[in-house]
Amino acid sequence: DTEVTQTPKHLVMGMTNKKSLKCEQHMGHRAMYWYKQKAKKPPELMFVYSYEKLSINESVPSRFSPECPNSSLLNLHLHALQPEDSALYLCASSQDIGTGQAYEQYFGPGTRLTVT
Amino acid sequence: SQELEQSPQSLIVQEGKNLTINCTSSKTLYGLYWYKQKYGEGLIFLMMLQKGGEEKSHEKITAKLDEKKQQSSLHITASQPSHAGIYLCGADNSNSGYALNFGKGTSLLVTP
């Protein structure tokens, strides 16, 4: 089973709202990722978690706040977003990260976020 | 400048025909990933290549990695309508073990 699940599937929020995106995997993977994908563009890496610790933050604005409560779950907390933050948010997981070896990365179906 | 170039940008082929999609990196490749995406949906993992000269196949899809040329090709044999979608290559250019950069994608349409 290589399934990564994401909820909700769609989310519409105002600029003053606070909402959260959730991601879950049960493959025993120790690395989890958030990517952002604008329409007709490739995915862009936002955050990397390794063993429940934030490993990489690709200079993402603080209105996006990631959280990894345990090895199976990854959240993305959203606050005071802008309309230009509307995008497909993709979660992914892999066995590990690190030098010397590439790991298969599996993606979830994404959350389509619209900021009004 | 784009670190990962994919070509062609789009492709329309008749069912049963073969096709090839290319992905060229401007930086050293430590790992190369191929994904398929339907519009607005998640990425479906196809294959990952790590070693120069490596070739992997799954059903009618074959991917190769030319490490020296820093490029990979994805070949589909006897295309079917189910192959339609956007094919994305992703690259590990920093030896980090995951796809940091993605190409812009190749949109494939298979006609009856």
Side-chain angles (χ1 to χ4, degrees), chain A residues 1-7 9-10 21 23 25 27 29-51 55-59 86-114, chain B residues 1-7 9-10 21 23-25 27-52 54 56 58 63 65 67 70 72 85-107:
Chain A
D1 181 17
T2 57
E3 191 179 22
V4 176
T5 58
Q6 287 187 245
T7 55
K9 201 167 184 178
H10 301 276
L21 309 185
C23 173
Q25 57 87 14
M27 294 177 276
H29 287 173
R30 303 316 299 261
M32 296 186 76
Y33 313 78
W34 281 114
Y35 288 82
K36 173 183 175 179
Q37 186 178 27
K38 301 280 278 183
K40 298 188 179 181
K41 298 285 187 184
E44 296 175 356
L45 182 67
M46 299 174 72
F47 302 104
V48 180
Y49 269 83
S50 174
Y51 289 83
S55 177
I56 300 286
N57 176 341
E58 289 286 329
S59 303
S86 299
L88 182 68
Y89 287 84
L90 295 162
C91 173
S93 73
S94 65
Q95 185 181 334
D96 203 340
I97 61 170
T99 58
Q101 183 173 350
Y103 295 94
E104 293 180 356
Q105 260 184 305
Y106 296 96
F107 282 77
T111 293
R112 170 72 59 190
L113 174 68
T114 303
Chain B
S1 63
Q2 183 68 19
E3 295 176 350
L4 212 54
E5 294 280 351
Q6 267 188 256
S7 62
Q9 195 174 354
S10 64
I21 299 169
C23 178
T24 303
S25 175
K27 295 183 175 181
T28 301
L29 280 171
Y30 295 95
L32 193 290
Y33 301 78
W34 283 103
Y35 292 93
K36 179 184 173 186
Q37 186 177 31
K38 295 278 192 180
Y39 180 73
E41 298 181 9
L43 277 63
I44 299 168
F45 176 83
L46 296 176
M47 271 166 280
M48 180 192 75
L49 305 165
Q50 193 174 3
K51 299 180 180 64
E54 190 173 13
K56 288 187 177 178
H58 177 67
L65 180 62
E67 202 175 44
Q70 295 180 176
S72 176
I86 300 168
Y87 288 81
L88 287 159
C89 63
D92 175 6
N93 295 121
S94 56
N95 205 10
S96 53
Y98 55 85
L100 177 60
N101 300 304
F102 283 86
K104 289 185 177 180
T106 296
S107 177

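So you know, we letter chains A, B, ... as the sequences are listed, proteins then strands, and number each from 1.
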So, do Pro43(A) and Leu88(B) sit near enough that their side-chain heavy atoms are less than 4.5 Å apart?
->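 Side-chain contact under 4.5 Å: yes.
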Would you mind reporting whether Tyr98(B) and Ile56(A) have side-chain heavy atoms less than 4.5 Å apart?
->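 Ile56(A) reaches Tyr98(B) side chain to side chain.
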If you round to the nearest 0.5 Å, how far is CZ of Phe107(A) from CD of Glu41(B)?
->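 The CD atom of Glu41(B) sits 14.5 Å away from the CZ atom of Phe107(A).
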Kindly compute the distance separating CG (Asn95(B)) from CD1 (Ile97(A)), expressed to the nearest 0.5 Å.
->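 One gets 11.5 Å once the value is rounded to the nearest 0.5 Å.
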Of all of Gly105(B), Gly31(B), Gly40(B), which one pairs up most often with chain A through heavy atoms under 4.5 Å apart?
->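 Among the listed options, the one with the most contacts to chain A is Gly40(B).
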Just wondering, more than 12 heavy atoms not from Lys56(B) lying within 6.0 Å of its NZ?
->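 It does: Lys56(B) NZ has more than 12 such atoms within range.
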Highest number of heavy-atom pairs under 4.5 Å with chain B: which of Lys40(A), Lys41(A), Gln37(A), Glu44(A)?
->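 Heavy-atom pair counts peak at Gln37(A).
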Looking only at heavy atoms, what is the nearest atom pair of [X] and [Y], with distance?
X         : Y         : value
Pro42(A)  : Phe102(B) : CB-CB, 3.6 Å
Ala102(A) : Met48(B)  : O-CE, 3.3 Å
Tyr33(A)  : Gly97(B)  : OH-O, 4.5 Å

Select one option (side chain, backbone, both, neither) describing which atoms of Val4(A) are under 4.5 Å from chain B's heavy atoms.
->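 It is neither, since no heavy atom gets under 4.5 Å.
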Could you tell me which portion of Glu58(A) (side chain, backbone, both or neither) has an atom closer than 4.5 angstrom to a non-hydrogen atom of chain B?
->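 Side chain only.
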Angle class for the Phe45(B)/Tyr106(A) ring planes (parallel below 30°, perpendicular above 60°, tilted otherwise)?
->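 Tilted, since the angle between the ring planes falls between 30° and 60°.
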